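In what follows, every chain begins at residue 1, and chains take the letters A, B, ... in the order their sequences are listed. Owing to the predicted nature of the structure, the values given are computational and were not obtained by experimental measurement.
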Number of protein chains: 2
Amino acid sequence: MMTKPLAKSAVSQQRVLDAAARVFRDCGYAGATMRVIADQAGLKAGSLYYHYKSKDELISAVLDLGMNATIGALKAALAALPADATARQRLEVAFRTHVTTIIANGDYSLATSRVFGQVPEVIRVQHEKVRDLYGLMWREILTTGQQRGEFRATANMTLARLLILGALNWTAEWFKPGTRSIEDVTSGFAAIVMDGLAAPDQL
Amino acid sequence: MMTKPLAKSAVSQQRVLDAAARVFRDCGYAGATMRVIADQAGLKAGSLYYHYKSKDELISAVLDLGMNATIGALKAALAALPADATARQRLEVAFRTHVTTIIANGDYSLATSRVFGQVPEVIRVQHEKVRDLYGLMWREILTTGQQRGEFRATANMTLARLLILGALNWTAEWFKPGTRSIEDVTSGFAAIVMDGLAAPDQL
DNA sequence: GGTAAAATCGAACGATAGTTCGAAAATTCG
DNA sequence: CGAATTTTCGAACTATCGTTCGATTTTACC
């Protein structure tokens, strides 16, 4: 008899995914073995294949989750902003949201950024599209702000985007909760990117 | 009889190292196999062990070379600067030097940054010291500039350093020679970091 | 509580990993 | 050229990889 999909397997599936993210992050794609992932999830290697039919499907799921969480969070945060928000406010919210998300989903974010270059090409190409979509969201924030005259007209916004994303993604590598708050980091970053390091001209 | 070390082996050793950097960059630490590295170097797997006595020694050599090239280049560039150079000039030179080096040594730089988190702990700890040394050089540039009053007193220089190094290291991932010049990238980055994105107040 | 379905196990498969080592080839130099 | 040395090869070893699959245990439902 046909039964509705039961919920007991979902908890195991989640444990497997979490374990996979951690192991992929620490060991890379090839270095992450199914046996270690299974062990971290409290299973034996063979049992993984009940939930994911191959290692490639596992890494693909990890990449999906890491990227989609980031995109979804940014979309939601921007949508929650009042319509008359300044470009600076939008940029600051984007900073905070990005860092908050990649810290909260640390295992997935680090796994994604560290392992992306090592994954089989088929999978990488597939996820590059999602990455590009995310880049487009940032491009929109920056160019709109420039068109409104809130950002310096002479600034190269493509370079700005690459600088910002490089700096923000790097936070996942060094940020340790407890030492500094996410708010401190993002507001500090925003201050530099918006106002620069140079001391104001003395009059 | 004892003979002086001959030079014929050095060329092979270099070919092995170059091949290793490429393969480590593309496949990660565990994914890079000795057989593929040997093949890229025009040798058979067993022959690698004449030059390096283990895979760990190989990756260690790649990490060394990647990091030391960057450190050496920055040291030299700063030393070549006139003694009365402004902090802004020093920072711009550091930008340019860092990017130029990691682009020139692309295989080693990317291998280093991608593989660092996957390497056996003994090796990683060893190279963390060298990394810290490099961070210290940047810290010096930034705090000195701040003490001289050339950089905003309110700016958090630790965050500035993390932002800058994150952004600069990320260039190795996206920079494609031909499209944009290194000079364009570094001067664009420097403009943002020094002067900020915000449009000047209208009076 | 019993029974069907879901979930896990455990042993095994071929493939390939890092590494070793004696033999073979290439190089150097008198 | 020929002998000593340097460099490379190729086959082999053990370990472990991803994966499969029938047996077994656990779970859900009447």
Quiz prompt | salt bridge (charged side-chain N to carboxylate O under 4.0 Å, His left out) contacts touching residues 31-51 of chain B (sequence neighbours left out) | solution = none
Exercise. List for me each residue that meets salt bridge (charged side-chain N to carboxylate O under 4.0 Å, His left out) alongside A:R88, sequence neighbours excluded, and say none if there are none.
Key: A:E92, A:D195
Practice problem: With sequence neighbours excluded, tell me which residues meet side-chain hydrogen bond (donor to acceptor under 3.5 Å, both in side chains) with B:D184. | Solution: B:S181
Exercise. Would you mind classifying the nucleic acid contact of A:A32 as base, sugar-phosphate or nothing, using non-hydrogen atoms under 4.0 angstrom?
Key: sugar-phosphate
Quiz item: By salt bridge (charged side-chain N to carboxylate O under 4.0 Å, His left out), which residues pair with A:R90, not counting sequence neighbours?
Solution: A:E140
Quiz item: Once you round it to whole Å, what is the distance between C1' of D:dG10 and CG of B:D39?
Solution: 15 Å
Quiz item: A:M34 has an atom CE; how far is it from atom P of C:dC9, in whole Å?
Solution: 14 Å
Quiz prompt | side-chain hydrogen bond (donor to acceptor under 3.5 Å, both in side chains) against A:Y52, all qualifying residues, sequence neighbours excluded | solution = none
Quiz item: Is there a residue in residues 48-65 of chain A whose heavy atoms reach under 4.0 Å of DNA chain C, and which residues are they?
Solution: A:Y50, A:H51
Quiz prompt | Flag side-chain contact, heavy atom, 4.5 Å: B:V185 against B:W174 | solution = yes
Quiz item: Residues in side-chain hydrogen bond (donor to acceptor under 3.5 Å, both in side chains) with B:R131, at least two apart?
Solution: none
Quiz item: How long is the line joining NZ of B:K44 and P of C:dA24, in whole Å?
Solution: 18 Å
For nucleotides 11-16 of chain D, give me every protein contact, N/O to N/O, under 3.5 Å, one pair per line with atom names.
| from | atom 1 | to | atom 2 | distance (Å) |
| --- | --- | --- | --- | --- |
| D:dA12 | N6 | B:R35 | NH2 | 3.4 |

Practice problem: May I ask you to check if A:K55 and A:F24 form a cation-pi contact, with NZ or CZ under 6.0 angstrom from the six-membered ring centre and within 45° of the axis? | Solution: no
Practice problem: Scan for salt bridge (charged side-chain N to carboxylate O under 4.0 Å, His left out) pairs involving residues 110-124 of chain B, sequence neighbours excluded, and state none if there are none. | Solution: B:R114-B:E173
Quiz item: Between A:S47 and C:dC9, is there a side-chain N or O to OP1/OP2 distance below 4.0 Å?
Solution: yes
Donor-acceptor pairs under 3.5 Å, side chain of residues 62-85 of chain B to any protein atom, not counting sequence neighbours: which ones?
| from | atom 1 | to | atom 2 | distance (Å) |
| --- | --- | --- | --- | --- |
| B:D64 | OD1 | B:H127 | NE2 | 3.2 |
| B:N68 | ND2 | B:D64 | O | 3.2 |
| B:T70 | OG1 | B:G66 | O | 3.0 |

Exercise. Give, ordered by number, those residues of residues 18-31 of chain B having at least one heavy-atom distance below 4.0 Å to an atom of DNA chain C; if nothing qualifies, reply none.
Key: none
Quiz item: Roughly, in whole Å, what's the span from CG in A:L43 to P in C:dA6?
Solution: 18 Å
Exercise. Tell me, please, which residues at least two apart from A:Q40 pass side-chain hydrogen bond (donor to acceptor under 3.5 Å, both in side chains).
Key: A:R22
Practice problem: Give B:A38 one of three labels, base, sugar-phosphate or nothing, depending on what nucleic acid heavy atoms sit under 4.0 Å from its own. | Solution: nothing
